[in-house]
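Encoded as structure tokens, the structure appears first; notes follow it.
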Amino acid sequence: GGIGGKNRKSGHHEFPPYNPQTLRSVYHVRNIEVFKLKQIQMPIDIFMSHDWPRGIYHYGNTKKLLRKKTFLCQEVNSNTLGSPAAEELLAHLQPSYWFSAHLHVKFAAVMQHAPKGDAAPRVTRFLSLDKCLPHRDFLQIVDLPDRQSSSGGLEYDPEWLAILKATDGLQRTSPQPWNPPENNGLHERWDFRASEVAMMKVVEELSGELDIPDNFSRTVPPYDPAHPQPHAPPAYSANPQTTELCAKLGLSDIYAGAGLGGGSAWGTDEEGGSSGSAEEPSEYPSDTSGLSSSFNPDEITLEEEWEEGGEDESESKVSTPSRMVLPEPKCTDSPAPMNLPPPSHSTPRVAQCDGGGEDVAEACTLKRASTEGPDSQGPTPRIKRRNQVIYASADDDQSGDT
């Protein structure tokens with residue numbers, strides 16, 4: 001999910017039909033999610049997040065990043081770029097790989113963690129890719145070794161399911177602030193890590209079948225261009241796959257429960273009153289002043305509105321073919337392995353902002369069509385010019401740095 005400082009302590013209270021506020025807050029990370037993920041003890045191969053972990057830019061080629069994205073300079077120098085929640089999870093879980101998106105730029109980094117106890121220090125390889133457009137670095141192939149016990153398909157993870165069962169009573173559908181239980185004498189339980197007994201119980205409840213079933217079912221009718229229904233009211237439907245899994249494991253399906261009940265809040269203070277107030281201390285980073293605030297010309301936000309194509313076209317300097325044509329591959333050789341920099345020191349030095357004095361090649365631009373073609377019927381929706389700049393802007397950097 002994305003960063004949402006004021007929503008991080010709230011429960012998942014958003015249900016259709018969404019209003020302008022819940023439409024944006026529904027995808028924000030909550031402290032309950034961070035708390036549950038921090039209960040994982042088993043090694044993690046890959047972790048994926050929308051936002052970058054805060055501070056990860058110090059462990060790669062920061063100068064090259066700032067040449068490509070100069071508007072990030074202030075936040076990098078103040079170490080406020082990225083998600084504090086992701087930073088916390090990166091330090092705690094220490095996965096082998098971490099993949100992120102959001103900033104629309106290719107960036108690789110290697111972070112060596114401090115050793116835990118007598119164990120050897122772990123290393124996380126971070127990778128973010130650019131937008132999926134011609135002449136942009138949007139694709140990377142990373143080879144991972146197979147696990148001997150792997151079946152080749154998607155499987156349930158007994159540890160994670162056991163954690164979900166243990167933390168089921170902590171779920172909230174209220175917008176009121178809530179803090180996870182801590183070892184401060186106020187809570188009966190604060191450690192929800194999965195024991196071997198709990199994991200074996202999950203396996204028994206699934207009858208030893210850990211393969212995720214192919215039980216997808218359609219919940220809403222597909223869009224029919226021949227019979228559009230632009231004024232149809234938003235429909236609510238639960239996810240049968242989630243409902244089935246919750247029924248097997250005795251979990252609360254909060255989306256089905258609260259949604260079908262009109263979005264009413266449920267989940268009361270239990271075992272020492274873990275709901276608390278906004279002033280209560282929390283293990284989750286409370287400083288939200290550093291959340292990303294700079295304007296990112298590559299970002300398409302939910303605040304953007306669609307407008308009709310009847311506006312004066314002379315105001316827009318972009319026009320494109322109706323289809324995006326990708327260039328031919330530059331070579332047919334096998335893709336090179338992930339090109340990552342060597343590990344940095346535990347206390348990295350912040351890069352200074354400068355142009356570097358290097359020439360930046362002119363980039364090919366991709367422009368977006370404002371009309372479908374001569375056969376289009378009526379005005380065609382098109383993206384606001386503020387978003388069109390994304391597709392018309394020059395490619396940031398093709399200087400061949402490594």
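Numbering starts at 1 and runs along the sequence shown.
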query: Do T219 and N239 come close enough that some side-chain heavy atom pair is under 4.5 Å?
result: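 They are not in side-chain contact.
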
- prompt: Do L139 and L129 come within less than 4.5 Å of each other through their side chains, counting heavy atoms only?
  reply: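 They are not in contact (no side-chain heavy atoms under 4.5 Å apart), so the answer is no.
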
message: Determine whether W160 and L37 satisfy the following criterion, side chain to side chain contact (heavy atoms under 4.5 Å, CB included), listing intermediate values before the conclusion.
response: CA-CA 8 Å; W160 178 244; L37 287 168; 3.9 Å; yes

Residues forming a ring-ring contact (aromatic ring centres under 6.0 Å, His included) with F47, sequence neighbours excluded: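 Only W98 meet the ring-ring contact (aromatic ring centres under 6.0 Å, His included) criterion with F47.
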
- prompt: Who are the salt bridge (Lys or Arg N to Asp or Glu O under 4.0 Å) partners of D118, not counting sequence neighbours?
  reply: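 Not a single residue meets the salt bridge (Lys or Arg N to Asp or Glu O under 4.0 Å) criterion with D118.
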
side-chain contact (heavy atoms from CB on, under 4.5 Å) against [X], all qualifying residues, sequence neighbours excluded:
| X | value |
| --- | --- |
| Y223 | P225, P228 |
| P17 | P234 |
| W190 | P181, N183 |

message: Strictly by salt bridge (charged side-chain N to carboxylate O under 4.0 Å, His left out), give each pair with a member in residues 226-248 just once, sequence neighbours left out.
response: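 Residue pairs passing salt bridge (charged side-chain N to carboxylate O under 4.0 Å, His left out), neighbours aside: E244-K248.
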
- request: Give me the ring orientation class for F15 and Y255: parallel if the planes are under 30° apart, tilted from 30 to 60°, perpendicular past 60°.
  value: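 Taking Y255 first and then F15, their aromatic rings sit tilted (interplane angle of 30° to 60°).
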
- prompt: Distance from L164 atom CG to D157 atom CG, nearest 0.5 Å?
  reply: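 Interatomic distance, L164 CG to D157 CG, rounded to 0.5 Å: 9.5 Å.
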
query: If you draw a 6.0 Å radius around CG in N215, do more than 12 non-hydrogen atoms from other residues or ligands fall strictly inside?
result: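 Enclosed.
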
- request: Tell me, yes or no, whether the heavy-atom count around L144 atom CG, taken from other residues, nucleotides or ligands under 6.0 Å, exceeds 12.
  value: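 Yes, CG of L144 has more than 12 neighbouring heavy atoms, counting only those of other groups under 6.0 Å.
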
- prompt: Looking at Y27, is R24 sitting on its ring face, NZ or CZ under 6.0 Å from the six-membered ring centre and within 45 degrees of the normal?
  reply: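 Judged by the rule, R24 and Y27 form no cation-pi pair.
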
